[in-house]
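Below: the structure, in structure tokens.
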Amino acid sequence: MLDPKLVRSELQSVAEKLQRRNHELDVKAISQLEEKRKEVQIRTQNLQNDRNTRSRSIGKAKAAGEDIQPLLDEVASLGESLTQAESELHDLQQKLNSIYMGIPNILHDSVPDGRDEVDNVEIRQWGEIPSFDFEPMDHVDLGEGKGFMNSEIAAKITGSRFMFLSGPLARLHRSLTQFMLDFHTSEHGYEEVYVPYLVNTDSLHGTGQLPKFADDLFALKGEHEYFLIPTAEVPVTNIVRDEIIDADKLPLKYTAHTPCFRSEAGSYGKDTRGLIRQHQFEKVELVQLVKAENSYQALEELTSHAEKVLQKLELAYRVVALCAGDVGFSSAKTYDLEVWLPGQAKYREISSCSNFEAFQARRLQARWRNPDTGKPELLHTVNGSGLAVGRTLVAIMENYQDKDGNIHIPDVLQSYMGGLTVI
RNA sequence: GGAGGGCUGGCUGAGCGGUUGAAAGCACUGGUCUUGAAAACCAGCGUGGGUUUGUAGCCCACCGUGAGUUCGAAUCUCACGCCCUCCGCCA
């Protein structure tokens with residue numbers, strides 16, 4: 001959520017900034033509601049003040065043994081207008097709040113203009129695109145060819161967009177998560193956390209998935225209103241919801257491995273083949289909670305931490321700055337890491353690293369105490385995948401294949417594979 | 001599933017329906033003392049919101065959440081949520 005004070009005091013300029021991401025702010029409705037809110041709020045608070053004053057004097061009179069009946073008569077008429085004003089104010093605040101909850105974050109100045117992914121800007125490349133003296137297969141042909149990947153079994157067990165892996169490929173998948181967690185905890189200073197995979201609605205509001213994106217989530221039936229997490233960002237970032245963190249504890253850096261569940265509503269024809277777009281996938285997430293002045297540096301660092309995983313795996317990739325039209329709702333700036341997939345002969349997203357500035361923190365009431373002022377200030381939240389495990393598996397399969405359809409194991413993973421070098 | 005207990009400020013923990021935004025302690029900040037430090041002593045110290053050019057002042061709200069009773073609720077009533085203990089079941 002944006003700062004409501006900012007929205008109403010600089011409504012026009014906020015609206016202009018949001019136009020960059022094709023969000024039309026209903027300036028007229030907001031200013032009218034705010035005007036009304038101001039009037040009603042002042043009226044309500046004056047009435048409350050009046051009531052409090054009178055009630056106090058009744059208390060005093062009673063204590064002094066005076067007759068309070070005249071005072072009671074005086075206050076009798078107050079109640080109704082106060083109740084009405086309070087409920088009017090409540091309604092207005094709810095309306096405004098639901099509008100504010102639906103406004104996306106303001107983009108950082110460095111975000112390039114553009115409508116959609118076509119306009120994203122490549123920042124840098126790493127590694128060499130491998131060349132093959134044979135026609136490289138995609139991961140599905142490789143996996144199915146070996147008998148280690150079977151979408152029909154998954155479809156029988158559940159339905160479409162799920163995958164069944166077996167044998168050394170299932171182990172390779174597991175090895176990847178182990179490697180990533182070990183790497184980030186030992187080399188990059190993240191604390192490993194284990195978190196719930198079901199979350200409540202407060203948590204989802206906090207990180208911005210609700211109220212706008214309920215369709216993307218799997219909801220549980222039953223006595224609790226719980227949802228399957230679409231990303232570890234939700235449980236991990238919510239660690240600091242309603243907390244005030246000591247300055248000397250910052251930055252907080254967490255990493256977690258979780259499964260992620262996305263309904264992928266509205267992507268019906270897209271990436272139906274293989275592991276690219278599934279309802280269930282694994283991810284190792286990186287989350288940093290930092291002071292405002294450090295968040296852009298943190299974004300660069302966190303992005304580089306994700307990149308290092310690709311470098312260790314010797315996979316060619318590029319870093320792309322998402323353009324204004326492609327940056328997600330809660331983010332102020334996002335870098336995507338795109339890995340080269342020989343099976344598709346193109347770069348595909350394997351990580352997304354974002355700075356949310358105070359957008360999530362404001363919803364979360366996640367703050368730190370500034371020792372200079374003694375006052376709480378909103379944290380900035382920064383997160384990214386480090387990396388998406390399923391897509392990393394795809395990248396390894398396709399980049400490390402040979403002409404016989406074998407998959408060679410990257411050096412850094414061999415110890416996790418019990419010394420296996422090829423599958 | 002059954003039976004109890006509890007949710008108060010950064011933390012611990014008091015709180016007869018009437019200046020209680022809330023005692024006390026801890027922590028923190030400033031000061032006195034000291035060569036310095038510690039201790040001791042003194043003072044300050046909640047969060048959110050409104051108004052406003054204003055981190056000044058004034059005002060409002062907040063004691064798990066939401067309703068209710070009342071002139072007045074942290075204190076009474078109801079519902080819900082969460083936590084804890086015991087029993088049962090169980091990976």
**Message:** Please report the distance separating the P of B/G15 from the corresponding atom of B/C76, rounded so that it comes out in whole Å.
**Reply:** 12 Å
**Item:** Pairwise P distance for B/G6 and B/G13, with rounding to whole Å
**Value:** 14 Å
**Complete:** Heavy-atom contacts, protein to nucleotides 66-77 of chain B, under 4.0 Å, summarised as B (base), S (sugar-phosphate only) or - (none) per nt, yield -----BS-----
**Request:** Grab the CG-C1' distance between A/Asn200 and B/C80 for me, whole Å please.
**Result:** 15 Å
**Message:** Only Watson-Crick and G-U wobble pairs with both distances less than 3.5 Å should count. Give RNA chain B in dot-bracket notation, marking inter-strand partners with |.
**Reply:** ((((((((.[[[..)..(.....]]].(((((.......))))).((((((.....)))))).[[[[[..)....]]]]])))))))....
**Asked** What's the CG-C1' distance between A/Leu47 and B/C59, to the nearest Å?
**Response** 13 Å
**Request:** Could you check whether the rings of A/Phe179 and A/Phe183 sit parallel, tilted or perpendicular, using 30° and 60° as the cut-offs?
**Result:** parallel
**Request:** Let me know the distance between CG of A/Leu6 and P of B/G49, rounded to the nearest Å.
**Result:** 14 Å
**Intermediate values then yes/no, salt bridge (Lys or Arg N to Asp or Glu O under 4.0 Å), A/Asp141 and A/Arg273** = CA-CA 10 Å; A/Asp141 290 335; A/Arg273 185 176 162 81; 2.9 Å; yes
**Asked** For atom P, what is the distance between B/C7 and B/C63, given to the nearest Å?
**Response** 14 Å
**Asked** Under 4.0 Å between a side-chain N/O of A/Asn49 and OP1 or OP2 of B/C60, yes or no?
**Response** yes
**Message:** ring-ring contact (aromatic ring centres under 6.0 Å, His included), that's the test. Do A/His257 and A/Tyr194 meet it? Break it down for me.
**Reply:** CA-CA 7 Å; A/His257 158 237; A/Tyr194 170 81; 9.3 Å; no
Residues 39-48 of chain A, side-chain donor-acceptor partners within the protein, below 3.5 Å, at least two apart:
from: A/Glu39; atom 1: OE2; to: A/Arg43; atom 2: NE; distance (Å): 3.0
from: A/Glu39; atom 1: OE2; to: A/Arg43; atom 2: NH2; distance (Å): 3.4
from: A/Gln41; atom 1: OE1; to: A/Arg37; atom 2: NE; distance (Å): 2.9
from: A/Thr44; atom 1: OG1; to: A/Val40; atom 2: O; distance (Å): 2.7
from: A/Thr44; atom 1: OG1; to: A/Ala85; atom 2: O; distance (Å): 3.4
from: A/Asn46; atom 1: ND2; to: A/Ile42; atom 2: O; distance (Å): 3.3
from: A/Gln48; atom 1: NE2; to: A/Glu86; atom 2: OE2; distance (Å): 3.0

**Prompt:** Once you round it to whole Å, what is the distance between C1' of B/C28 and CD1 of A/Ile244?
**Reply:** 13 Å
**Asked** Quick one, which residues of residues 223-230 of chain A touch RNA chain B with a heavy atom under 4.0 Å?
**Response** A/His224, A/Tyr226
**Prompt:** Are A/Lys36 and A/Glu88 within salt-bridge range, i.e. N to O under 4.0 Å?
**Reply:** yes
**Prompt:** Which is true for A/Pro376 with a 4.0 Å heavy-atom rule: it touches a base, it touches only sugar-phosphate, or it touches nothing?
**Reply:** sugar-phosphate
**Message:** Give me the distance, rounded to whole Å, that separates B/A38 from B/G48 when you measure between the C1' atoms they each carry.
**Reply:** 39 Å
**Prompt:** B/U12 and B/G31: how far apart are their P atoms, nearest whole angstrom?
**Reply:** 30 Å
**Message:** Quick check on RNA chain B: between A/Lys5 and A/Asn46, whose nearest nucleotide comes earlier from the 5' end?
**Reply:** A/Lys5
**Message:** Rounding to an integer number of angstrom, what distance separates B/C16 and B/G21 when you compare their P atoms?
**Reply:** 15 Å
**Between B/G9 and B/A14 - P atom distance, rounded Å** = 13 Å
**Asked** Are there more than 12 heavy atoms of other residues, nucleotides or ligands under 6.0 Å from atom CD of A/Gln19?
**Response** yes
**Prompt:** Taking only residues at least two apart or on different chains, which pairs with a member in residues 49-70 of chain A satisfy salt bridge (charged side-chain N to carboxylate O under 4.0 Å, His left out)?
**Reply:** A/Asp50-A/Arg54, A/Arg54-A/Glu74
**Message:** Is there a side-chain contact between A/Arg367 and the phosphate of B/G48, meaning an N or O under 4.0 Å from OP1 or OP2?
**Reply:** yes
**Prompt:** With respect to the phosphate group of B/C11, does any side-chain polar atom (N or O) of A/Arg369 fall under 4.0 Å of OP1 or OP2?
**Reply:** no
**Message:** Once you measure the plane-to-plane angle for A/Tyr226 and A/His224, does it fall in the parallel (<30°), tilted (30-60°) or perpendicular (>60°) bin?
**Reply:** parallel
**Message:** For A/Lys333 and A/Ser354, which I'm curious about, is there any donor-acceptor pair between the side chains at under 3.5 Å?
**Reply:** no
**Item:** Residue pair A/Val193, A/Thr255: steps toward the side chain to side chain contact (heavy atoms under 4.5 Å, CB included) verdict
**Value:** CA-CA 6 Å; A/Val193 290; A/Thr255 184; over 6 Å; no
**Request:** Calculate the interatomic distance between A/Glu377 atom CD and B/G46 atom P; express it in whole Å.
**Result:** 17 Å
**Asked** Using the P atom in both, what is the distance from B/C60 to B/A3, to the nearest Å?
**Response** 45 Å
**Message:** In whole Å, I'd like the distance from the CD1 atom of A/Ile245 to the P atom of B/G10.
**Reply:** 12 Å
**Euclidean distance, atom CZ of residue A/Arg241 to atom C1' of B/G48 [Å, nearest integer]** = 17 Å
**Asked** Is the A/Phe329-A/Phe359 ring centre distance short of 6.0 angstrom?
**Response** yes
**Asked** Any salt bridge (charged side-chain N to carboxylate O under 4.0 Å, His left out) pairs touching residues 181-194 of chain A, not counting sequence neighbours?
**Response** none
**Asked** Just checking, A/Lys291 and A/Trp368: is the charged tip under 6.0 Å from the six-membered ring centre and within 45° of the axis?
**Response** yes
